[in-house]
Number of protein chains: 2
Amino acid sequence: MAGIGAGAGGRSGARPGSGPGPASRVTGANLLALRSHNAALLLDLLRRAGRMGISRLELAERTGLTPQAVSKITARLRDDGMVTEAGRQASTGGKPRTVLRLVPEAGHAVGLHLDRDELRVVLVDLTGAVAGERRAALDLGAGAEAVLGAVVAEIGEVVAGSAAGRSGAVPGPDAAARTAVLGVGVAMPGPLDHTHGVLHRVTGFPEWDGFPLRDELARRLGVPVVLDKDTNAAALGLAVGGEVGAFAYLHLGTGLGAGLVLGGAVHRGARTGAGEFGHQVIQLDGPPCSCGNRGCVEALCLAAVARGDVDEAARVLGEGAANLVWLLDIDLILLGGRTVAAEPERFVRGVGAALDAHAQRAGAGSPVPVRVASGEARAVAEGAAQLLLAPLFGRAEA
Amino acid sequence: MAGIGAGAGGRSGARPGSGPGPASRVTGANLLALRSHNAALLLDLLRRAGRMGISRLELAERTGLTPQAVSKITARLRDDGMVTEAGRQASTGGKPRTVLRLVPEAGHAVGLHLDRDELRVVLVDLTGAVAGERRAALDLGAGAEAVLGAVVAEIGEVVAGSAAGRSGAVPGPDAAARTAVLGVGVAMPGPLDHTHGVLHRVTGFPEWDGFPLRDELARRLGVPVVLDKDTNAAALGLAVGGEVGAFAYLHLGTGLGAGLVLGGAVHRGARTGAGEFGHQVIQLDGPPCSCGNRGCVEALCLAAVARGDVDEAARVLGEGAANLVWLLDIDLILLGGRTVAAEPERFVRGVGAALDAHAQRAGAGSPVPVRVASGEARAVAEGAAQLLLAPLFGRAEA
DNA sequence: TGCACTTTGGCAACAGCGTTGCTTAAGTGG
DNA sequence: CCACTTAAGCAACGCTGTTGCCAAAGTGCA
């Protein structure tokens, strides 16, 4: 559980790995925490309602708060410029409900996707819509100084090009605050430690081992920075983008990894190690894998792809996915990555067939659906930006 | 996550599967919720402190609440008879701290373990200590009426024999309330639905399919009832009993199942299906399993046990456990069940060896420890009782 | 033995949360 | 035009944890 946060303001975002807390450090709640909890709850519902908006009374019904409480809270949010009135609904015999809408420009976040050979930066608004984007080639082997320099430069370009330009177009009380960048979310291939923002053993680039990327970037940029694995960021983006329940995002590219969303939150584990789906053994004493073990899903799956046997690759992937579905009672499997994008239908069909077979044997109800994840190319960068937006909407651990 | 509960009192425990809530229904928080959240937090720390007790100031430090707030809350808890002063600590140069302790007799809960051929009832106090116990043979095939009759009778015996007798021994303000039974937790082999308290396809006993066990028992007993899988109850009991972090309890008896504790809470999934560890495929196209599939861990493991090859059984179990550790970033593996109990050292050694091999290959830090779970025979029944105590201590979803 | 000092923990006043009771605003329908 | 319905704000309220202050209960040195 998460619980409702500590007393601190709540808008700050990232906080340094604090406290000696053994295991789960649950904190007491005061009135400030209560206030920000409820505000975040309403903001989350407003975000989900999107451009359509939502009325005060529906907010009250969905949260269990009294209509008067919703009025008070939304009034504060309006004063802060985060919410605005936007028309009315049709009357049902009395005064029509006023529709409230999130103000997208009330805040922005930067998402950075660092891949082995490429860098992608997006600037998104509160609703997650992309307001600016840049791509650049990248060589992780060029060293920290060169890479960080490029990253800072690209981020500066995107922010300057979009937020500043838009600042004039949206006048109003404190226009500067409205375009404020809440911070930067960084997503990259593991292994890494999201709680301390430190890299571990970046494959093929020993110089990055133990590099405190989060703190270093935060120092150079002067805004909060959050670090996470690429698959976790993608999963978070999908969860925010509307996918509900517990699901797994399986990413098949040059490797095979997963992002897990359980109970509405990304499950990372204490060492950000969760989601190591590819090195699940599904064939005891099978063919050797690059990890040193034998019979890993990744090895079997990629070997089949290399042979051109997509159906077998999909079947193997499906068997691994079935193990995961049974172990965690997952509602949905989403597929992504370059290899899947090359033959989406065959992968969906093959994985789905394996899952259906499992479900039928067990006599379980409806089989678990399989789909291709949306927004492939920018998904990780957009999800990275959500690492910063999530706390605003009450997803402290999401 | 969990969040802080809805406005309702908080002491009631089970609530019927309410609301049309799509996915996670997060509710707003009011002052009542805040109050019970903080009270539960303190009670949880007091429970962990056990017989040793804990001072007000340490409670304040650990929760982040002000000392004055802790004083107010603990004063309420003392008025309710749940907490008492118990001596003082050594002075550090000023007034010594007063030690507070949970009053074990302030509440009791019944735990019921329904197995295929046996029934076990325990009565535990607030600290989880067993205050009464009964065992009886059981035939699930005898039909609902006979089974429920036996269950109600056995529970009545345990409660009458322990709580009532103790009621006189602990005089004080409203002694009746102090021995109040909060409710009954029921644990049994799956599949079942813990949110609705309904059974599904009890293996070999089709008559129980769809039986609303929770509501039927609640009706006959007149107290709240909570239903869960036996492995989940055992895992909950272990979590309360002091195991920390994320862990998996692997139960190897006539079958192979698991209870997962992630982020301090039992992970059940939407359909109580999580923990299906035994039918994880680790040998594609391997030997057939009773479930209709091929190469399941359960089939391989139990076949090895039947051959008398315990080392191979442990190795197979370890490979399955390694998959789980990697997928979820688990901190600890606990083993239990009759088959493990017969040769505990060899299982621990074999499973540990498989996990160590994985950890070494990946260059991960310290390997994941493997231990035998404590309190074998009564563990499930005691965990079942915790299903009712958990909400008192702020583990609504635990 | 007495006095200065430290630390604990309760009392009283307070700001701020959601709630309740009531009033005003803004529609529909006969 | 008026009765009725529904939405939403104002004011008073109860209750939360917080703050400022003070009594209680120890230690330790003169």
Side-chain angles (χ1 to χ4, degrees), chain A residues 3-10 27-42 53-80 83-100, chain B residues 3-10 26-42 53-79 83-100:
Chain A
I4 97 180
T27 68
N30 54 21
L31 289 169
L32 244 103
L34 186 119
R35 171 184 175 148
S36 66
H37 171 86
N38 284 341
L41 210 60
L42 293 188
I54 183 171
S55 69
R56 287 177 181 83
L57 280 163
E58 192 174 346
L59 288 171
E61 285 166 24
R62 301 260 288 246
T63 56
L65 294 169
T66 58
Q68 182 61 25
V70 171
S71 274
K72 278 194 178 180
I73 296 167
T74 54
R76 283 199 301 261
L77 294 174
R78 273 196 323 174
D79 287 346
D80 292 349
V83 168
T84 187
E85 297 195 345
R88 329 202 127 163
Q89 291 182 347
S91 166
T92 60
K95 177 175 176 178
R97 302 181 174 186
T98 311
V99 173
L100 298 176
Chain B
I4 98 181
V26 189
T27 68
N30 54 21
L31 288 171
L32 244 103
L34 184 117
R35 170 185 177 147
S36 65
H37 171 85
N38 284 340
L41 211 60
L42 293 188
I54 185 171
S55 70
R56 288 179 179 81
L57 280 163
E58 192 176 344
L59 287 171
E61 284 166 24
R62 301 259 290 246
T63 56
L65 295 169
T66 59
Q68 183 59 22
V70 171
S71 275
K72 279 192 177 182
I73 297 168
T74 54
R76 284 200 300 261
L77 294 174
R78 274 196 321 171
D79 287 346
V83 168
T84 187
E85 297 195 345
R88 330 201 126 163
Q89 291 182 348
S91 166
T92 61
K95 176 174 176 179
R97 301 181 175 185
T98 311
V99 173
L100 299 176

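Quantities reported herein were computed from a predicted structural model and do not represent experimental measurements. Chain letters run A, B, ... following the sequence lines, proteins first and then strands; every chain starts at 1. Hydrogens, waters and symmetry mates are skipped; everything else that's a heavy atom, side chains included, is used.
For the pair B:Thr98 and C:dG9, the criterion of a side-chain N or O lying under 4.0 Å from OP1 or OP2 is met.
Rounded to the nearest 0.5 angstrom, B:Leu31 CG and A:Leu31 CG are separated by 6.5 Å. For the atom pair CG of A:Asn38 and NZ of A:Lys72, the computed distance is 12.5 Å after rounding to the nearest 0.5 Å. The NE2 atom of B:His37 lies 5.0 Å from the CG atom of B:Leu41; values are rounded to the nearest 0.5 Å. A:Asn30 CG to A:Ser36 OG: the interatomic distance, rounded to the nearest 0.5 Å, is 8.5 Å.
Exactly one residue among B:Leu42, B:Asp79, B:Thr84 makes a side chain to side chain contact (heavy atoms under 4.5 Å, CB included) with B:Thr74. That residue is B:Leu42.
No contact: A:Ser55 has no heavy atom under 4.0 Å from any strand.
Heavy-atom contacts of chain A under 4.0 Å fall on DNA chain D between two terminal nucleotides, which in 5' to 3' order are D:dT5 to D:dT18.
The side chain to side chain donor-acceptor pair (under 3.5 Å) search around A:Arg78 returns A:Glu85, not counting sequence neighbours. With sequence neighbours left out, B:Ala40 forms a side-chain contact (heavy atoms from CB on, under 4.5 Å) with no residue at all.
Applying the side-chain hydrogen bond (donor to acceptor under 3.5 Å, both in side chains) test to pairs two or more places apart or on separate chains, none has a residue in residues 87-98 of chain B.
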**Complete:** Protein-proximity profile, nucleotides 18-30 of chain C, B/S/- by nucleotide at the 4.0 Å heavy-atom cutoff, equals BBB----BBBS--
